[in-house]
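Notes follow the structure.
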Amino acid sequence: MTGSEVEVSGLEVAVEATGALIVDDVSLRLASGHVMGVVGESGSGKSTLALAMLGYAKQGARISAGHVVVDGVDLLSLSERELRAVRGRKVAYVPQDPATALNPALSIRTQLTEGLGRRREVSLPALRELLRAVGLPDDDGFLKRRPRELSGGQQQRIAIAMAIAADPRLVVFDEPTTGLDVSTQARVLELVRRLCRERSMAAVYVSHDLAVVADVADTVIVMYAGQVVEAGPTRDVITRPNHPYTRALLAAVPSVGERHRLIPIRGRAPAVGDATPGCSYAPRCGFAIDACRTADPPLAATSGGRLVRCIRHEELAAKPSVTDRVPDLRAAAAGDGDFLRVSGLSAYYAGRQVLSDVSFGLARGECLAVVGESGSGKTTMSRCLIGLHGEQEGDYRFDGAAMPARAERRSASTRRQLQYVFQNPYGSLNPRRSIEQNLTAPTRDLLGMDAEASRRRAREVLDRVEIPAALLARYPGELSGGQLQRVAIARALACEPKLLLCDEVTSALDVSVQASVVELLRSLLDDGLSMIFVTHNLAVVRSIADRVIVLNGGRIVESGGTEEVLSAPTHPYTQALMTDTLDVPKSTSI
Amino acid sequence: MMRTATRTSEVATTDAGRRRRRRGRFLLLRLLQGVLTLLVVSILIFVATQLLPGDVARVILGDAATPERLAALRVQLGLDLPVHQQYLNWLGGVLRGDPGQSLVTGRPVLDMVGVRLVNSLTLAGVAMLVMLPLALLAGVSAARRRGKLLDRLFLGTSMIANATPEFVIGSVLVVLLGTTVWPILPPVALLPTGQSPLMHLPSIALPVLTLVIAGGAYLARLVRVSFIDVMSSEYIQMAKLKGLSERRIVYRHALPNALGAVIPAASLVAAITIGGIVVVEYLFAYPGIGSLLLESIRSRDLPVIQAVVLIIAASYFILNFLADTLAGGRDRRA
């Protein structure tokens, strides 16, 4: 507990042009050997805070006030030259995406040693020691490799090795496991914990994933609109959240352990510079009273040793948690799985087999989840089903009739009945067409509607996904990610489909937005739509799917009802997947 | 983790093998394509020269020649044969390594082209050698001062240089440095016969400068954009967060990656330079293949025209091929 401490006080980062604050008066203390989690949704300022702790601001932003004291030195009082000497030695950074943050043109060895200053020729034994510390091979061949010759997990280990090479006092981790599979994530988190303990470094761990933070961090701060809204010991904050935003965030997170309804946070997070008088969360808060809208609430210490930015926190701490989980009572669809039947599906990429003999059936009105890690073939499978993948063999029967493999051979009515929603809503809507044009094109093509009818239909489906009709004239670039994903779903619905193929549709979304999309899909299932839901996120599977198939290496390794597969997995791969998947500890109501 | 490591490397080896095979097939296809292109070009030239007004025999014998002597000379030169026969004769010669003799001087085409080709390659080579480092320096300097005065100045002047045809650039240079304003360089690039242009650097200074300005402005703009791209990448941010020096970031981290995008462009610029050489040689009366081409067109000296155009076409093809290969290699790396 003694030793060097990290102390941040009054830290502000502003947009250079407007002076609007991205990070607003953040203070925190951190003891060595401890991990502090920083949680927030996109736009909360958490990554900007992470960079500011190294005295760095992205182009267009400026650290405008505050102190970042590490090991007795205030980074923000240093000259550019002195700062360079401190970076890498006292404070180090682990980026979100090592694939883009490692230089493609330089060898691992160069990138590991160059930060160590003048003594560029670091002793080889020390370097090998470092690689072993992060669980990587330490031979010469490995040191000569370029980043692209490594897997994602290895790249992230290199980035971590780079950060700890000079034994810094503080390491800032900026969402280091976001792009990784759960099993790789579990190992990287284990590594972070061990390194902090063994080297008694302080670590700041930024993440949008509450389960990850609950797993790795001793203390946590929750950020909203650039401010700290709640801070305290991780376990306390997550199981007994005091701030309404923390409560809402937790209510939106699906659980791997049990199926329950997800409660989305209404409204949108404010953009930088959207300053409203009073509490920045008040417009979305279910507990807001008039006083919340007039004065900025202070960050107040609670009796439980916590900091909360809410004037009603004492009342709320006594209220039962809103996250009391409402179980989902939708009856699983019954049927013998003959609505869609896939037999012996194999698929190839340039001759390499990526799917082997996949067979399954889907009952009418059922939601089937297809689960697997990256490279398992799950996306290829959904591309085969929709008819976009050429190199495939196998048979389909859809709604009682044989269905050709290629989309262009399928009848217009089959194509209409099978609709696809992509992972990335930014890329799947035409950016040069208005929302209305995006929605009317498929109905005119596939249903032969005239302009008037298709516009009416666009309004109906937009209403179905709870997007105000006022947005019809907007362009995709003007909408948020969650709104766009709803529009993408609306576009699929416009064609009156019978089966919806959802490919990782919530992966690019914040948890609060994910909750609203999952609940929307759930209500579509209630309407009788069938669905194939492709994902790597087991908690989302638990919250929506009736049945699950688990893909590994292009083969189905396990299938069955969601309850059986996730509660009592029989295949070792599924078991490992379940072990590595983190869950947010259940909240306890007081 | 160790297991994952070995598995990845195995996959990498088989992938590398497959890539090599695919690459081999790609190279072979491109080579075939090149040969075909040259064949088509040679047919086009043949047809085009048939359409040119005038007559070689008359050019050689002059206006006073009698119809009989003209006819006899045509038979002697093989010009009385049907066009396709003439073409096949020529093609057969080329395949045997003999592109024939000049119709006008009677000297073997290879002899005539040889010296001129060396001169032209020297001119283009010197121009590229000057252009590449200059373009790199200008592009990187402008990128590092992005939005500042120097950058804006660079963008303006390079745009003007880009938009100006070579003969205008050359003429302006002659006026500025060769004759009127500040005559320090020879305005024509005459070489004593049989001597290398490298022995007469001052006399090729203006043609080189013309080519450097024309191609370099374009290349420097590409370097600038590519460098700005790289400097805003995450690995440069990472390098800054590692506390590396500005110099190391620019030269070790940014430049090699920026060059990756520029090298294919540089070989395209080299191809354009070869094309530009025809105009520049004519402008400065430089004894290269460009001026040879113009002379032989004037006298309808078909074998010489064929040889020169094919050389220019082949170099275009080779440099384009180089650009594609380099760009392809870069894609695979990314």
Cut-off 4.5 Å, heavy atoms of chain B, and the answer for A/L106 is side chain
Original post:
Within a radius of less than 6.0 Å around CZ of A/R132, do more than 12 heavy atoms belonging to other residues, nucleotides or ligands occur?
Top reply: yes
### Task
For the pair B/K242 (side chain) and A/Q111 (backbone), establish whether a donor and an acceptor sit closer than 3.5 Å, ignoring hydrogens and angles.
yes
d(B/Q237 CD, A/Y93 OH) to nearest 0.5 Å is 5.5 Å
Looking only at heavy atoms, the pair that brings A/T110 and B/R252 closest together is CG2-NH2, 3.5 Å
- B/E234 side chain reached by A/Q96 side chain, heavy atoms, under 4.5 Å: no
Taking OH in A/Y349 as the centre, count heavy atoms belonging to other residues, nucleotides or ligands within less than 6.0 Å. Is the count above 12?
yes
- [ ] Using a cut-off of 6.0 Å, state whether more than 12 heavy atoms not belonging to B/Y218 lie near its atom OH.
- [x] no
Q. Heavy-atom count around A/R193 CZ within 6.0 Å, excluding the residue itself: above 12?
A. yes
Value for OG1 (A/T100) from OH (B/Y235), rounded to nearest 0.5 Å, stands at 10.0 Å
CZ (A/R84) and CZ (B/R248) are apart, to the nearest 0.5 Å, by 13.0 Å
For a 4.5 angstrom cut-off between non-hydrogen side-chain atoms, does B/E246 reach A/E80?
no
